[in-house]
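The basis for the numbers below is simple: all heavy atoms, side chains too, and nothing from hydrogens, waters or symmetry mates.
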Amino acid sequence: MKSKAIGFLIMGFITLLGCNPYKGFKGVDKKGMGRKPPSVEVVNGYEKDQKKGNRKMKREMKRRRRIYGAPTK
């Protein structure tokens, strides 16, 4: 009987540690909200990805102009 009680106690403890309502969200840590709300983190991430994509496209176009012999600016 004691071993079952100890087993249930351990399982309950593991379950409590495994449940984290903030897990998987950007801008949120285990203790709660970070410095910025998650919506701001998402917007900043989107803008950052957009800038990165634009830079990548500009580099690619510059490379193609150089390969095909078109005059560069």
Quick one, [X] and [Y] - any side-chain contact, counting heavy atoms below 4.5 Å?
X: R55; Y: R59; value: yes
X: R65; Y: K62; value: yes
X: E60; Y: R64; value: yes

Kindly compute the distance separating CG (N44) from CG (D49), expressed to the nearest 0.5 Å.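 It comes to 11.0 Å.
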